[in-house]
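Take a look at the structure below.
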Amino acid sequence: MNMPFYVAPEQVMKDRADYARKGIARGRSLIAFRYDAGIAICAENTSSTLRKVSEIYDRIAFAGVGKYNEFDQLRIAGVRHADMKGYSFSREDVDARSLANQYAQSLGQIFTHEMKPMEVEILVAEIGHVEDGSADQLFHILYDGTVMDEDMSVVLGGETDTISERFGDLDVPPSLGEGVRLAASALAGPDRQLGADALEVAVLERGSSRRTFRRLSDEETTEVLTA
Amino acid sequence: MNLPLFRPHDDPGPNFTELLRRSGFAEPVEFDGTVPVEDYRHGTTCVAIRYNDGVLLAGDRRATSGHLISHRAIEKVFPADRHSGVAIAGAAGPAVEMVRLFQLQLEHYEKVEGTSLSLEGKANQLSQMIRSNLPAAMQGMAVVPIFAGFDLARGDGRLFEFDITGGRYEETEHASTGSGSLHAGTVVKLGYRPGMDADTVADLAIEAMFEAADEDSATGGPDPVRGIYPIMATITENGYTRLDDEDLARRTEALIARRRSAN
């Protein structure tokens, strides 16, 4: 009988984490931030069909970076979870915190038990019912199931430290235009510029309609960037 | 409730009812025999009319259980999504549940696939839901809706009638359903002119509902004492809009005034 070589659990976990991080760092990053009328998510994405940011429920949005097929699978699972919960209870019982916990459970399980961890980092954002935005939530979930509750803004993907530094700390939520311009230049860095065709921008917008998620068209994004 | 992750071969795709089935939601109870008509609520007359900007849907507010009025302000006209709506007649319980599932089905598809179903796709989806209700329909609990919407691809309002087998029939001018549909339908048929505007079509629908309530005991007429009027909604390029009660009250008063002066 063959005995497998002993590998320290610390080493196994470290190897898996390195593997996942490398996969995530290969992709392009995104920034989510609170603005004066809700939450905006701004991703660097040259594709106009393969989305990184999407709608989960009336007040909840999803964003993912890393391997597309993996975060898209999580996105669909989130839509299903939310729609089933809303169907069996009520629409107001669907919340981001419980969804973020479910994601964390699944990612944690996959990280420790499956052949390979998921090479993704995801964001679950929800706008609350309070007008000043104090009940808005940003949950940042890592490949190993770590959940972080962010306050004003969060960067997902590779080079997060550099990008966060460029984006800076917000004291008060900016206007949408101001925020998107800041996010675009933070994602681009000093050596290049990102236009509307390289950006995917979507918002959860406080207002009268039930579904608050809205994508900005390329024209709208250009308008915002050049204002 | 845990995160519904599926293996590729048993993934339900963008189908919400299939998702419910795979996730172990209980199927409706099977039973033999019929339910006495006074034991459940019935909803009645609805009409849909095409006009120059799109389609108008209207439905009365009465629910009956046998010979009793069981609800005075039930709603039978619903938005299905941004550019379509359903009006229901038949057993109220299954009908309202069908609408709820239909609305979710459209929204679920849109979110999972990232694009809306075509108007024809939506009509076919509803047709399948009616067909799956056939066993209950044979026991007396039929659901017979009208589906109307604005077809963005064609730039035109369209409407569909159904029968209890799920048969789907597109109408070019108007459609009606429910116990008062004969009377309401006749009024619409006589008053219909191609290319009517929103104002004329709303008055025609008010009149149709008024006449149906005059002849059919299961259809509720306008109730100015309680401020209950038929529900009416228009679906145009700009989406689904419900007409407000003040507008309906004004139109109803005008209709009554016309009738008085004719006598």
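Here is the naming used below: chain letters follow the sequence lines, and residue numbers restart at 1 for every chain.
Proximity to chain B is absent for every atom of Ser54(A), based on heavy atoms less than 4.5 angstrom apart. At a 4.5 Å heavy-atom cutoff, the contact between Ile56(A) and chain B is made by backbone atoms alone. Using a 4.5 Å cut-off between heavy atoms, Glu97(B) touches chain A through its side chain atoms alone. For Phe213(A), no part lies near chain B; criterion is any non-hydrogen pair under 4.5 Å. With a threshold of 4.5 angstrom between heavy atoms, Ser23(B) approaches chain A through side-chain atoms but not through N, CA, C or O. Only the side chain of Arg210(A) comes within contact range of chain B, with at least one heavy atom under 4.5 Å from a heavy atom of that chain.
Note: Met84(A) leads Arg51(A), Glu55(A), Met84(A), Gln105(A) in heavy-atom pairs under 4.5 Å with chain B.
The pair Arg251(B)-Asp247(B) meets the salt-bridge criterion, with a side-chain N (NZ, NE, NH1 or NH2) lying under 4.0 Å from an Asp/Glu carboxylate O.
Ring geometry, Tyr87(A) versus Phe16(B): the interplanar angle exceeds 60°, so the pair is classed perpendicular (tilted spans 30 to 60°).
Listed here is the closest heavy atom pair of Gln102(A) and Asn2(B): OE1-CA, 3.3 Å.
The backbone N or O of Asp10(B) sits less than 3.5 Å from a side-chain atom of Arg22(B), completing a donor-acceptor pair.
In this structure, the ring of Phe167(A) has its center less than 6.0 angstrom from the ring center of Phe33(A). For an aromatic pair to be called close, the ring centres must be under 6.0 Å apart, and Phe147(B) with Phe102(B) satisfies this.
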